[in-house]
Number of protein chains: 2
Amino acid sequence: MQNFTFQNPTRIIFGEGQIAALDAHVPPNARVLITCGGGSIKSNGVLAQVQAALGERAWHVFGGIEPNPTYETLMEAVALAREKNIDFLLAVGGGSVIDGTKFIAAAMKFDGEPWDILARQAPVRDAVPFGSVLTLPATGSEMNNGSVISYRAKGDKLFFTSDATYPLFSVLDPTTTYSLPPRQIANGVVDAFVHIVEQYLTYPVDAKVQDRFAEGLLITLTEVGPQALAEPHNYAVRANLMWTATLALNGLIGAGVPQDWATHMLGHEITALHGLDHAQTLAIVLPAMLSVRRESKRGKLLQYAERVWNITEGSEDERISAAITATRVFFERMSLGTRLRDYQIGGQSIGTLIAKLEEHGMTALGEHGDVTLDVSRQVYQFAV
Amino acid sequence: MQNFTFQNPTRIIFGEGQIAALDAHVPPNARVLITCGGGSIKSNGVLAQVQAALGERAWHVFGGIEPNPTYETLMEAVALAREKNIDFLLAVGGGSVIDGTKFIAAAMKFDGEPWDILARQAPVRDAVPFGSVLTLPATGSEMNNGSVISYRAKGDKLFFTSDATYPLFSVLDPTTTYSLPPRQIANGVVDAFVHIVEQYLTYPVDAKVQDRFAEGLLITLTEVGPQALAEPHNYAVRANLMWTATLALNGLIGAGVPQDWATHMLGHEITALHGLDHAQTLAIVLPAMLSVRRESKRGKLLQYAERVWNITEGSEDERISAAITATRVFFERMSLGTRLRDYQIGGQSIGTLIAKLEEHGMTALGEHGDVTLDVSRQVYQFAV
């Protein structure tokens, strides 16, 4: 096990009916800005529940935070929040809304140009306090301090973290997910799955607890993922999916172990170039990544085969191949294509993707830093 | 899954050499009281490492906190801390030292008679900030807000919790455990094992993640427990044991599931009457408790048999019996006796034990509240 520091102060308030608990967790005299995306929280009744729970508190709504939240939109929210003397933010939505709200919270307290928080990694020492009501299990943003923001005009998509941007609390009511489109559920399952894999499928460091927690989360996703598509109103299924996606990226399973994240980096370039959903890019890249790097991941691939997929027959190479195939089949069962061609993208894009990786400094990725541009090219080629 | 609230703000600083990190986590101008038990932290060098890390800060040492920390001793520490204008406490030791330090921290800020915190559950709204350097993996006190304190003169052993009594941080350096006597390691393994079982082995509520996390921790203990006795200087073994014991009782695996704790309550009376180690009483009571209550725990016992002990052959009743036997054998492999007679205690004690349970209001224990005094009597009888 590697040395680590772990701390996660976010309070999780989990279960059906818990939106009403906002009254106990939002400060009594708060002036609240509710941040959200499109109109789904209006049509499914979540916004009405939130507003009822806030009672007599003053609140305003800022809608329209996009799936890849942009600096341009979020700075409009900052202006509105300042105009209304907002002192508490309440994100109601999925990972994009929560990521965006982290940026709003940081930007409101930031001296200078807030884009520097992302572009120059300017330290965020303070932020407006905020909570969240999660409506889409996927990114884990509800219980971590990370945020990915895009600058539309510049074509940049960048990341920041800060100890000041953990949500104070997040309400996780699985019933809020009943009305999600199947594509968003499928994307969320695959996103959470790959988050876990990026922290697990590296090389062994004898971290038994982290490994077993990761395997437990992966197995749970293989069970509840297809069920969540087949039975949208099955509470137990949605509850297990929601808690799994949160625990997939709250820092716990990644504490004390190597991490990879190369699949995410290669996926980001596909989204930037072709506009695919984030999870679609992960479903394309991960099986290819595991295939190309099977030797350096050999020990953990064998463990993954046995413990997650119960593959115990055949030679080591056969078991590894079977595990990679099982991963691909699982993503396809979730209705995601796992090849570039499934999205009408051909090999002629690879040159541009590699150039973008180089431009973004992604030349030594992975747990060993040995995923060079050459290796990335092999991965993209394998994924055609 | 049941509704739940989960929050745990303690920072964990894990790994060899991390005691030096105290310098970054104890406030720079703190006036520190180091609290500890006997002299082991002097002889094994841990106290010297702590004092070196504190650098120029003013510090005093209060030693002599007992294995079952007493009100009488802890109030001496409160008096010393007030005399020395202490504003930060640093517990260096195992669960008893940390539990005791939680009480000192609360008592220093408490208006009135501090024993009321335990006897009347008077709310603790404030406490002196404190951290810990853990030297004995067992109780989980290093990452929770609970504390068990005894009043020697009254013969009481009582419990309190407060949001104000989470450690700010805990340093977990597995090498500090190398010099522990085998009996303390064995007790720690069994204590952690039973903590997990009390939150897991109840009835199914379709909490897949909590179940798999609990099972992962239990399996890890079955692996590292005997190894920890056989190879005291095996870093990976001690690291896995330490992190497992912390996660066994930090609130995570118990969030959203029923809990039992009857084994602990019956065990406490044996300690009070006969002076056995806490873990010895758990090793006696748990196998008997599972045997007596096998029908009401049937579903989870079958799951426990299969997933923790890999028992898949035979009828349901045979698998349950085999799992209970495997539990007993594991405790015995850790060198703990699992019958009252192993400690020269006969059936004639049972009447007194039952009277004490009644006196302490322990008449409806367990996840269903159906562990009456009659059931407890059967458990003690089974354990003879």
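Letters go in sequence order (proteins before strands), and every chain restarts at 1.
Atoms OG1 and CZ, on Thr5(B) and Arg11(A) in that order, are 7.0 Å from each other to the nearest 0.5 Å. Atom CZ of Phe4(B) sits about 7.0 Å away from atom CD1 of Ile12(A), to the nearest 0.5 Å. To the nearest 0.5 Å, atom CD of residue Gln210(B) and atom CG of residue Asn240(A) are 7.0 Å apart. Atom CD of residue Gln7(B) and atom NE2 of residue His25(A) lie 9.0 Å apart, to the nearest 0.5 angstrom. To the nearest 0.5 Å, atoms CE (Met242(B)) and CE (Met1(A)) are separated by 10.5 Å. The OG1 atom of Thr220(A) lies 4.0 Å from the CZ atom of Arg212(B); values are rounded to the nearest 0.5 Å.
Most heavy-atom pairs under 4.5 Å with chain B: of the set Asp173(A), Ile13(A), Thr244(A), Val209(A), this distinction falls to Val209(A). Heavy-atom pairs under 4.5 Å with chain B peak, among Val205(A), Leu217(A), Val237(A), at Leu217(A). Considering only heavy-atom pairs separated by less than 4.5 Å from chain B, the leading option among Val224(A), Leu247(A), Ile219(A) is Ile219(A).
Ring pair Phe6(A)/Trp243(B) is perpendicular by interplanar angle, where above 60° counts as perpendicular and below 30° as parallel.
Contact annotation for Leu172(A): neither backbone nor side-chain heavy atoms come within less than 4.5 Å of a heavy atom of chain B. Of the two parts of Tyr166(A), neither the backbone nor the side chain holds a non-hydrogen atom closer than 4.5 Å to a non-hydrogen atom of chain B.
No donor-acceptor distance shorter than 3.5 angstrom exists from the side chain of Asp206(A) to the backbone of Ala236(B), with no hydrogens or angles considered. Of the possible donor and acceptor atoms, none in the side chain of Gln18(B) sits under 3.5 Å from a partner among the backbone N and O of Asn3(A).
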